[in-house]
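Step one of this worksheet: look at the structure below.
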There are 2 protein chains.
Amino acid sequence: MPKIVDAEARRQDVVEAVFRIIASDGLERASLREVADEAGLAVGSVRHYFASSDELLVHSFSVVVDRIAGRLEEAFTVVESLAVGSAEHDAAVLTLLGQFLPLDEELAVDACVWMAFRHAARIRPVLEQEAARSHRAVAAVVGRLVMRLMPDGGSVQERLVSEAERLLATLDGLSMHALLQPEWMTAEVCRDVLTAHLETLVAVPSNR
Amino acid sequence: MPKIVDAEARRQDVVEAVFRIIASDGLERASLREVADEAGLAVGSVRHYFASSDELLVHSFSVVVDRIAGRLEEAFTVVESLAVGSAEHDAAVLTLLGQFLPLDEELAVDACVWMAFRHAARIRPVLEQEAARSHRAVAAVVGRLVMRLMPDGGSVQERLVSEAERLLATLDGLSMHALLQPEWMTAEVCRDVLTAHLETLVAVPSNR
DNA sequence: AACTTTTTAGCACAAACGTGCTGGAACCGT
DNA sequence: ACGGTTCCAGCACGTTTGTGCTAAAAAGTT
């Protein structure tokens, strides 16, 4: 039999090389040659594990989507295990929302890569499917969270979707600003914005 | 003397070709040859008006920034001319915030181009300056608007910046979702999100 | 009509890209 | 020891890119 190499682990190495390149030089520099160099391989070797450049990028996209969705699900189970309104619950919610933001090195790379792929998916049809999957996964968690936090339990369908979208937009906007204008955006401002938003979520059902 | 051509108008034609290409095929396809084709010119002609590809892109960026900043300033003077709290005032505020969103064809192209350049500026140093200018211009208008709308007139400096950032993040997030996931994002949801946000802005000063 | 200067068009080159293809290296089961 | 299979490396080809350079076309002034 042949040389035994853990193919899946090798693929993962290559994917992480892709992540590093996207984070530092952008998606357009993630060519086969650059990726191979970054991974310490030859172009032919990378192409042994990924049939084409498109397959490499699509797979990389799916990996980052899985990572983010996994973190969100995990953080949400923590939230579910706590009593609504308790201090621990509020902290867990903030932790959950913090998964969207580039608060440490690993989160920053993921946020950066995720953002790059989502924007690329607008143009490149091969990425469309993963982009839709990513949107569904994130919207599901945010939707459940909003349902849990809203005073009336999100009984009004119409208001639920608009509040979910409002939270999601704020999160993506914050993440984007933190990536693009880091000099104007501190972790403290992020936290303040999130807590302010949460107050507006649990507070006013008011008229409407 | 030579053939007389309105050089500035020609430059503007080329810039608009750049916009169309970015909106439909992304920034990475905005090469000199593609732009020349789209503008109905030869590569050499485009290069007569723009010394290099970088200069063309930087100038295009500055044009879209000027366009957006101009619309915002204009809409803000309308807001300033009305009494705070009146129905016309609220409508004018919504109109102002709507300038960020791809609500019609022209706004969509601008939002798309603006988004593309801002993300590219993370990587390409030539675009850095314009990105910073764009951020300052937009943050200034949003900051003044928040100061005008907040119940205490935005007297608490710290809360003012976090509320301004919160509004800005929501706007950019909404715009991004409208561009990337148009199928999940209707103009109605956009409006609902904005009105909901405005209610949270004028409502609770609360504790803190 | 001739001249001058702007405008337009295009060629040529090096660099980088994806990909089809070939050949050697490494390694496991026999 | 020795095949057979997998893994690794790289060449070669056709495209596309930015840019330096040349030269024809166009048009107002003399």
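Just so it is clear: chains get the letters A, B, ... in the order the sequence lines come, proteins before strands, and each one is counted from 1. All heavy atoms count here, side chains included; hydrogens, waters and symmetry mates do not.
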Can you check whether A:R33 has a side-chain N or O nearer than 4.0 Å to OP1 or OP2 of C:dA15?
-> no

Using the salt bridge (Lys or Arg N to Asp or Glu O under 4.0 Å) rule, take B:E34 and B:R20 through it: C-alpha gap first, then chi angles, then the decisive distance, then the call.
-> CA-CA 11 Å; B:E34 290 276 348; B:R20 287 195 297 274; over 6 Å; no

Round to the nearest Å and state the distance from B:F50 atom CZ to D:dG18 atom P.
-> 14 Å

With a 3.5 Å cut-off and just heavy-atom distances, do the side chain of B:R47 and the base of D:dG20 make a donor-acceptor pair?
-> yes

Presence of salt bridge, B:E28 and A:R124, under 4.0 angstrom = no

Testing D:dT19, C:dT6, C:dT19 for proximity to the side chain of B:H48, the answer is C:dT6

Does a salt bridge link B:E74 with B:R71, judged by any charged N lying under 4.0 Å from a carboxylate O?
-> no

Counting side-chain heavy atoms from C-beta on, which of D:dT19, C:dC17, C:dT19 comes nearest to A:E34?
-> C:dC17

Among C:dT19, C:dT7, D:dG18, find the nucleotide with the atom closest to the side chain of B:S31.
-> D:dG18

Would you indicate, yes or no, if D:dC8 has its OP1 or OP2 atom less than 4.0 angstrom from a side-chain nitrogen or oxygen of A:R10?
-> yes

Separation of atom CG in B:D37 from atom P in C:dG10, rounded to whole Å | 11 Å

Report yes if at least one side-chain N or O of A:S45 is closer than 4.0 Å to OP1 or OP2 of D:dA9; otherwise report no.
-> yes

Between CZ of A:R29 and C1' of C:dG18 the distance, given in whole Å, is 16 Å

Within the distance-only criterion (no hydrogens, no angle test), does the side chain of A:H119 pair as donor or acceptor with the backbone N or O of A:M115 below 3.5 angstrom?
-> yes

Go through D:dT19, C:dG18, C:dG10 for me and flag the one nearest to the B:L32 side chain.
-> D:dT19

Looking at B:R11 and B:E55, does any basic side-chain N land under 4.0 Å from a carboxylate oxygen?
-> yes

Mind calculating the distance between CG (B:L27) and P (D:dT17) to the nearest angstrom?
-> 13 Å

Does B:Y49 place a side-chain N or O at less than 4.0 Å from the phosphate oxygens OP1/OP2 of C:dT6?
-> no

Grab the CD-P distance between A:E28 and C:dC17 for me, whole Å please.
-> 11 Å

Grab the CG-C1' distance between A:D13 and D:dC8 for me, whole Å please.
-> 15 Å

